[in-house]
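A short write-up of the structure that comes next.
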Amino acid sequence: MATDLLRFATAGSVDDGKSTLIGRLLFDSKTIFEDQLESVEKVSKARGSDYTDLALLTDGLRSEREQGITIDVAYRYFATPKRKFIIADTPGHTQYTRNMVTGASTADVALILIDARKGVLEQSRRHAFLASLLGVPHIVVCVNKMDLVDYSEQVFEDIRAEFTEFAARLRVNDLSFVPISALAGDNVVNRSENMDWFDGAPLLSKLERIHVASDRNLVDVRFPVQYVVRPHQHEHRDYRGYAGTIASGVMKPGDPVVALPSGLETTIASIDTADGPVDEAFPPMAVTIRLADEIDISRGDMLARPNNTPAAVQDVDAMICWMDESAAFVPGKKYAIKHTTNWARAVVKGINYRVDVNTLHRDEEATQIGLNEIGRVQLRVTKPLFVDSYQQNPQTGSFILVDESTNKTVAAGMIGTLPHSA
Ligand SMILES: Nc1nc2c(ncn2[C@@H]2O[C@H](COP(=O)(O)OP(=O)(O)OP(=O)(O)O)[C@@H](O)[C@H]2O)c(=O)[nH]1
């Protein structure tokens with residue numbers, strides 16, 4: 001299973017040192033290609049820099065990707081003998097909410113960078129809030145640039161205390177702190193000799209050890225149908241199957257299933273994958289499921305267990321992160337809503353409150369939600385959606401809103417219970 005793979009997202013304000021940190025991780029874990037390294041060293045020297053400027057490495061990769069324009073989150077891959085890693089590198093400019101939602105929604109760990117000289121800023125709180133809202137199971141706070149505060153234990157402890165107090169009001173399962181210098185390499189891969197007072201592990205060792213397997217939902221069977229494989233599309237003329245990615249739960253041939261919304265029940269006849277049939281399938285496997293009876297199922301429908309079904313809701317109560325700079329979220333507006341593989345239309349019925357992520361205060365008088373803001377809202381959807389709470393099941397508990405006139409994703413939504421206290 002994928003326990004040897006860890007996905008993490010980086011978050012920090014501009015210039016906190018994300019690029020340098022990622023460069024340092026790649027550099028000290030020796031996953032950088034020789035030719036890339038030579039050119040980075042050359043440019044650093046030419047600029048008269050003492051240290052090899054590792055940000056050049058990350059930023060070089062970033063500008064390559066920016067030619068593609070549409071994606072803002074770069075996924076980078078590296079491996080150590082203990083584990084494989086995927087980093088979602090999210091640049092810290094104005095669209096950081098969008099980037100963080102995209103990058104962190106599938107992350108096992110959020111790395112939040114704090115500049116030791118600046119301490120806990122509003123953006124650090126915002127990142128922590130978003131990470132908890134997105135249900136990221138582990139948060140590691142990297143207090144960076146420790147070299148610029150004389151590797152002071154007091155500075156680190158003050159930041160740790162302030163951040164811990166804030167995080168206690170959020171739903172964060174696992175929070176830890178590492179004092180680092182990404183530039184000088186302290187406590188990133190190698191233990192720092194400048195911070196004897198710190199008895200924790202360096203960042204990479206910590207990332208190698210974080211346990212992620214239990215974070216997956218293997219209990220509630222949810223299979224959103226991506227498309228129907230019809231007989232004429234398959235070499236076997238009587239083949240009919242339902243293709244998709246398992247959102248949660250374990251599926252086996254012989255298991256009873258119910259199709260939603262029809263409510264018709266049957267059993268699983270077989271589960272096919274690109275590598276042939278399997279006896280067992282679990283998330284996030286892409287499979288084609290064949291059923292014992294021919295029942296009418298279309299794209300956007302869902303298979304579940306007859307005794308464990310998601311709720312059918314047309315009135316959706318959710319937290320949203322607003323991502324559109326050109327218009328705010330206001331009652332009365334209509335959007336397209338995409339939930340799992342299902343599309344519908346939704347109208348905004350109301351705003352319960354907007355959250356001030358700095359103080360966690362709820363503004364119940366709010367009449368709109370603007371760019372990068374977060375609020376609790378009510379939507380009415382044109383047909384029932386089959387949902388779980390986001391906390392129970394991020395796949396079936398989340399949705400996006402799309403502005404149909406521009407085709408832009410304008411919000412990410414999380415259904416149900418709240419991650420914070422007021
Ligand atoms: N002294 C010191 N400087 C650092 C450290 N980490 C990063 N820097 C410097 O801080 C500046 C910003 O670092 P970057 O890695 O580009 O920051 P970033 O967060 O990736 O910024 P964006 O890419 O703009 O989002 C650069 O000049 C780095 O050399 C550190 O640990 N110590």
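Just so it is clear, the structure is predicted and the values come from calculations on it, not from any experiment. When a ligand or atom number is given, it counts from 1 through the structure's own listing order.
Of the heavy atoms in L183, both backbone and side-chain atoms come closer than 4.0 Å to ligand 1. Of all the heavy atoms of N144, the ones lying under 4.0 Å from any atom of ligand 1 belong exclusively to the side chain.
Considering backbone and side-chain N/O of L148, none are found under 3.5 Å from N/O of ligand 1. An N or O contact shorter than 3.5 Å is missing between M146 and ligand 1 by distance. For I180, no nitrogen or oxygen atom sits less than 3.5 Å from a nitrogen or oxygen atom of ligand 1, counting backbone and side chain alike.
A salt bridge is defined here as a Lys NZ or Arg NE, NH1 or NH2 lying under 4.0 Å from an Asp or Glu carboxylate O, and K252 with D279 fails to meet this definition. Under 4.0 Å is where a charged nitrogen must lie from a carboxylate oxygen, and between D403 and K408 no such pair does.
Of all the atoms in ligand 1, the ones that sit under 4.0 Å from a non-hydrogen atom of S181 are 30 (C), 31 (O), 32 (N). Interface of D16 with ligand 1, defined as ligand atoms under 4.0 Å from a residue heavy atom, comprises 19 (O).
Both tests pass for R362 against the ring of Y353: distance under 6.0 Å to the centre and angle within 45° of the axis.
Taking only non-hydrogen atoms, the option from G17, C142, S19 nearest to atom 20 (O) of ligand 1 is S19.
Considering only residues two or more places apart in sequence or on other chains, D317 meets the side-chain contact (heavy atoms from CB on, under 4.5 Å) condition with R376, Q378. Qualifying side-chain contact (heavy atoms from CB on, under 4.5 Å) partners for T273, counting only residues two or more places apart in sequence or in other chains: D275, V278, M285, V287.
Below 30°, between 30° and 60°, or above 60°: for F156 and F198 the angle between ring planes is above 60°, a perpendicular geometry.
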